[in-house]
Peer 1: 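Take this structure first; my questions come after.
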Amino acid sequence: MLKIYNSLSRQKEVFMSIKPGKVSMYVCGMTVYDFCHIGHARVMVIFDMIARYLRYSGFEVAYVRNITDIDDKIIARANENNETISELTNRFIVAMHEDSDALGNISPNLEPKATLHIPEIIEMIKTLVDKKHAYAGSNNDVYFDVSSFERYGRLSGKNIEDLRSGERVEIQQEKDDPLDFVLWKAAKPDEPSWPSPWGKGRPGWHIECSAMSTYCLGNHFDIHGGGQDLQFPHHENEIAQSVCSTDEKFANFWMHNGFVKVDEEKMSKSTGNFFTVREVLQKFQPEVIRFFILSSHYRSPLNYSINNLEEAKSALNGLYIALRDIFVDTSSVPLKEHKDKFNACMDDDFNTPKAISLLHELARDLNKNTNKTSKEAIELVVSLRFFGAILGLLQDEPQKFLQAKPDSSNNCLDEVSIQDLIDQRVAAKSAKNYTEADHIRDHLQTLGISLEDTPQGTNWRRN
RNA sequence: GGCUGAGUGGCAGAGUGGUUAUGCAGCGGUUUGCAAAACCGUGUACCUCGGUUCAAUUCCGGGCUCAGCCUCCA
């Protein structure tokens with residue numbers, strides 16, 4: 001029985017989908033004006049893992065992750081770069097897909113773009129205005145009237161009084177109330193715009209998600225996810241817009257993943273303390289990044305550091321070493337005993353660190369098995385590969401993974417030279433010239449190549 | 001100031017009212033020409049002060065510290 005922590009109730013709840021056997025999930029994706037950083041990678045990997053586990057649990061999953069391709073920062077960045085908005089956004093959409101694919105994510109079922117849903121956005125704003133939940137200001141901006149929605153603040157645990165007394169709410173004269181937020185922004189000269197009942201303009205930040213989630217999944221759907229920093233105001237505002245325009249419940253479950261931190265501080269674009277996915281891929285294989293992300297619980301903070309990534313690499317190496325040289329039928333299904341353990345971890349709010357500890361236990365049992373063709377060994381490999389697939393891990397050929405070079409290492413030793421040195425060492429060894437053999441091994445070690453002698457020959461891998 | 005959440009062994013990171021997390025690193029052993037990998041063994045871990053309890057790291061309360069949100073942010 002799957003339990004999910006619901007940010008709305010602040011506790012784990014038994015997950016029941018609205019329609020039996022089907023799950024609809026909307027995740028707030030990227031605003032595309034720059035490369036994805038590790039924080040973005042975390043959202044992508046976490047919700048990919050969730051979609052995979054839900055599918056494995058027997059649900060048909062409609063996973064929607066939007067692309068916000070029009071907003072203030074995009075306009076500003078395009079101006080800075082002296083390029084058009086669509087040149088900028090298309091470039092970073094391509095880059096985002098490259099990063100997401102590299103990390104082993106299965107593409108969402110739908111990736112709606114804000115600029116392709118302007119009619120739905122305008123329609124929703126119109127409804128809100130008609131229902132007196134929104135009003136046009138003297139500057140032709142349209143604002144949502146926060147006081148018209150009783151439950152405003154419920155998701156983020158804020159009450160309107162506290163927000164009002166907060167010093168950081170900026171006063172804007174056109175608003176009836178400083179807490180009101182913009183649905184439609186009147187166009188300034190030289191800004192991209194679309195015609196609307198309130199004149200030329202463009203959507204505000206939050207409305208596109210309300211309009212697109214409703215368009216793709218209906219008024220009421222199962223799961224809405226995103227980073228913790230979106231809880232307020234973005235998700236709070238989405239709830240207000242959607243509930244007020246449709247008069248239906250919006251999302252049943254709200255899921256928020258924790259931040260990636262650098263030196264105990266949140267990684268974010270505005271502070272500039274971020275590492276892009278492609279930058280980290282220069283040093284580490286994509287699966288190491290994925291393993292690193294999944295080795296802590298999705299709601300906990302995750303501390304980015306080279307040391308932690310190296311640790312992830314060592315741990316993942318160990319799993320691949322256990323899997324080396326054993327081939328199984330990929331359609332095989334794990335033992336019930338193994339499955340029960342794995343499911344127990346994952347059913348508890350997607351406890352991937354615990355699930356990974358199970359992988360290590362399976363690997364240890366496998367290593368104990370001296371006969372790699374025994375029934376038990378095969379069963380263990382089947383389980384490792386099968387559970388790995390649900391996490392998006394361990395799908396590579398072990399030898400390929402262990403010998404792969406990171407992106408940046410095009411100057412390191414190639415496979416032919418390595419094999420050549422290994423052959424020389426084997427020759428030295430059989431001549432009992434151990435000084436020479438050890439010399440070659442030490443030389444390779446300084447180049448980041450580790451050797452292992454086995455009865456079947458010498459294995460090598462990159463550190 | 002308001003509201004969240006967190007403080008676990010050298011590090012990373014789960015979890016639990018009394019019983020081994022797991023990984024990385026370390027130490028001892030088996031193995032090996034020597035290594036590596038692997039296996040076995042090995043760690044007086046749970047911020048602090050009170051309370052509840054036969055028993056608390058785990059529940060409750062106070063304190064301290066940290067992070068996040070309240071402004072753009074995954």
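Letters A, B, ... are given to chains in the order of the sequence lines, protein chains preceding strands, and every chain is numbered from 1.
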Peer 1: Which one, B/rG33, B/rA74, B/rG2, comes nearest to the side chain of A/Asp162?
Peer 2: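 Looking only at side-chain atoms, A/Asp162 lies closest to B/rG2.
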Peer 1: Just how far, in rounded Å, is C1' of B/rA36 from CD of A/Gln403?
Peer 2: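 These atoms are roughly 15 Å apart.
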Peer 1: Which word best sums up how the rings of A/Tyr320 and A/Phe401 line up, parallel for under 30°, tilted for 30 to 60°, or perpendicular for over 60°?
Peer 2: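 The rings of A/Tyr320 and A/Phe401 lie parallel, inter-plane angle below 30°.
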Peer 1: Could you check which of B/rA37, B/rC72, B/rA74 has an atom nearest any side-chain atom of A/Val43?
Peer 2: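 When the side chain of A/Val43 is considered, B/rA74 is the closest of B/rA37, B/rC72, B/rA74.
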Peer 1: Report, as yes or no, whether the 6.0 Å neighbourhood of atom CD on A/Glu80 holds more than 12 heavy atoms from other residues, nucleotides or ligands.
Peer 2: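 Enclosed.
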Peer 1: Would you say the side chain of A/Glu311 and the base of B/rG23 hold a donor-acceptor pair, judged only by whether the two atoms sit under 3.5 Å apart?
Peer 2: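 Side chain to base: pair present.
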Peer 1: Taking the C1' atom in each of B/rC3 and B/rU16, what is the distance between them to the nearest angstrom?
Peer 2: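 Straight-line distance between the two C1' atoms is 29 Å.
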Peer 1: Between B/rG2, B/rA74, B/rA67, which nucleotide has the shortest distance from any of its atoms to the side chain of A/His40?
Peer 2: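 It is B/rA74.
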Peer 1: Can you check whether any acceptor in the base of B/rC72 is under 3.5 Å from a donor in the side chain of A/Lys73, or vice versa?
Peer 2: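 Result: at least one qualifying N/O pair found.
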Peer 1: Considering only side-chain heavy atoms of A/Arg461, which listed nucleotide, B/rA36, B/rC39, B/rA14, is closest?
Peer 2: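 Closest of the options to the side chain of A/Arg461: B/rA36.
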Peer 1: When the P atoms of B/rA6 and B/rG61 are compared, how many Å lie between them, rounded to an integer?
Peer 2: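 Looking at atom P only, B/rG61 and B/rA6 are 13 Å apart.
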Peer 1: Using the C1' atoms only, state how far B/rC49 lies from B/rA38, rounded to an integer number of Å.
Peer 2: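 Here B/rA38 and B/rC49 have their C1' atoms 48 Å from each other.
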Peer 1: Could you measure between the two P atoms, the one in B/rC27 and the one in B/rU19, and give it in whole Å?
Peer 2: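 Looking at atom P only, B/rC27 and B/rU19 are 30 Å apart.
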Peer 1: When we call it a touch if two heavy atoms are under 4.0 Å apart, what does A/Met44 touch: a base, just sugar-phosphate, or nothing?
Peer 2: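 No contact.
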Peer 1: On a whole-Å scale, what distance lies between the C1' atoms belonging to B/rA21 and B/rG43?
Peer 2: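 Result for the C1' pair: 15 Å, nearest Å.
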Peer 1: Between A/Arg10 (CZ) and B/rG5 (P), how many Å, whole number?
Peer 2: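 Spelled out: CZ on A/Arg10 to P on B/rG5 is 6 Å.
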Peer 1: Mind checking if A/Val260 touches a base, just sugar-phosphate, or nothing, with heavy atoms under 4.0 Å?
Peer 2: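 Here A/Val260 touches the bases of the nucleic acid.
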Peer 1: Could you work out the separation of B/rC70 and B/rG10 based on their P atoms and round it to a whole Å?
Peer 2: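 The same atom, P, in both gives a distance of 36 Å.
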Peer 1: A/Phe259 stacking on B/rA67: centroids under 5.5 Å, ring planes under 30°?
Peer 2: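 Aromatic stack with B/rA67 absent for A/Phe259.
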Peer 1: At 4.0 Å (heavy atoms only), tell me whether A/Phe232 reaches a base, stays on the sugar-phosphate, or touches nothing.
Peer 2: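 Sugar-phosphate, backbone atoms only, no base.
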Peer 1: Would you indicate which nucleotide in B/rU22, B/rG68, B/rC39 comes nearest to any side-chain atom of A/Glu265?
Peer 2: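 It is B/rG68.
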Peer 1: Looking at the base of B/rC69, is there any donor atom on it, or on the side chain of A/Ser156, that sits under 3.5 Å from an acceptor on the other one?
Peer 2: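 Per atom types, no contact qualifies.
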Peer 1: Using the side-chain heavy atoms of A/Ala437, tell me which of these nucleotides is nearest: B/rC39, B/rC72, B/rG33.
Peer 2: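 That would be B/rG33.
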Peer 1: From the options B/rA14, B/rC3, B/rG33, select the nucleotide whose nearest atom is closest to the side chain of A/Arg425.
Peer 2: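 Output: B/rG33.
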Peer 1: Please state the C1' separation for the pair B/rC59 and B/rC40 - nearest whole angstrom.
Peer 2: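 Straight-line distance between the two C1' atoms is 39 Å.
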Peer 1: Give A/Ser268 one of three labels, base, sugar-phosphate or nothing, depending on what nucleic acid heavy atoms sit under 4.0 Å from its own.
Peer 2: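 Result for A/Ser268 = base.
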Peer 1: Does the plane of the ring in A/Tyr56 sit parallel, tilted or perpendicular to the ring in A/Tyr53? Use 30° and 60° as the thresholds.
Peer 2: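 Tilted.
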Peer 1: Between B/rG17 and B/rG51, how far apart are the two C1' atoms, rounded to whole Å?
Peer 2: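 It comes out at 15 Å once rounded to the nearest Å.
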Peer 1: Donor-acceptor pair under 3.5 Å: do we get one between A/Lys269's side chain and the base of B/rC72?
Peer 2: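 In this structure, the two groups form no donor-acceptor pair.
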Peer 1: Using whole Å, report how far CG of A/Leu393 lies from P of B/rU22.
Peer 2: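 Atom-to-atom, A/Leu393 to B/rU22, this comes out as 20 Å.
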Peer 1: Can you tell me which nucleotide in B/rG23, B/rA37, B/rC66 comes closest to the side chain of A/Glu264?
Peer 2: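 It is B/rC66.
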Peer 1: In whole angstrom, give the distance that lies between atom NE2 of A/His360 and atom C1' of B/rU22.
Peer 2: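 These atoms are roughly 6 Å apart.
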Peer 1: Would you kindly give the CG-to-C1' distance between A/Asn459 and B/rA35, to the nearest whole Å?
Peer 2: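 A/Asn459 atom CG is separated from B/rA35 atom C1' by 14 Å.
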Peer 1: Of the options B/rA14, B/rC72, B/rG33, whose atoms approach the side-chain atoms of A/Pro233 most closely?
Peer 2: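 Looking only at heavy atoms from C-beta outward on A/Pro233, the closest nucleotide is B/rC72.
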Peer 1: Between A/Tyr143 and A/Phe181, does the ring centre distance come in under 6.0 Å?
Peer 2: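 A/Tyr143 vs A/Phe181: aromatic centres not under 6.0 Å.
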Peer 1: Under the salt bridge (charged side-chain N to carboxylate O under 4.0 Å, His left out) criterion, do A/Arg91 and A/Glu83 qualify, and how do the steps go?
Peer 2: CA-CA 11 Å; A/Arg91 207 150 52 80; A/Glu83 62 186 331; 2.7 Å; yes
Peer 1: Under the salt bridge (charged side-chain N to carboxylate O under 4.0 Å, His left out) criterion, do A/Glu361 and A/Arg364 qualify, and how do the steps go?
Peer 2: CA-CA 5 Å; A/Glu361 281 168 26; A/Arg364 197 203 308 127; 5.3 Å; no
Peer 1: Find the distance A/Asn6:CG to B/rU4:P and express it as a whole number of Å.
Peer 2: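 Those two atoms, CG and P, are 16 Å apart.
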Peer 1: Can you confirm whether or not the ring centre of A/Phe221 sits under 6.0 Å from the ring centre of A/Phe250?
Peer 2: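 Aromatic pair counts; centres sit under 6.0 Å.
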Peer 1: Quickly work out the A/Gln445 CD to B/rA37 P distance and round it to whole Å.
Peer 2: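 Nearest whole value for this atom pair: 9 Å.
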Peer 1: In whole angstroms, how far is the C1' atom of B/rU4 from the CG atom of A/Asn257?
Peer 2: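 My rounded result for the distance is 16 Å.
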Peer 1: Can you tell me whether the side chain of A/Asn351 and the base of B/rG15 have a donor-acceptor pair closer than 3.5 Å?
Peer 2: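 No.
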Peer 1: Ignoring hydrogens and geometry beyond distance, is the side chain of A/Arg441 in donor-acceptor contact with the base of B/rA35 at under 3.5 Å?
Peer 2: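 Yes, a donor-acceptor pair under 3.5 Å.
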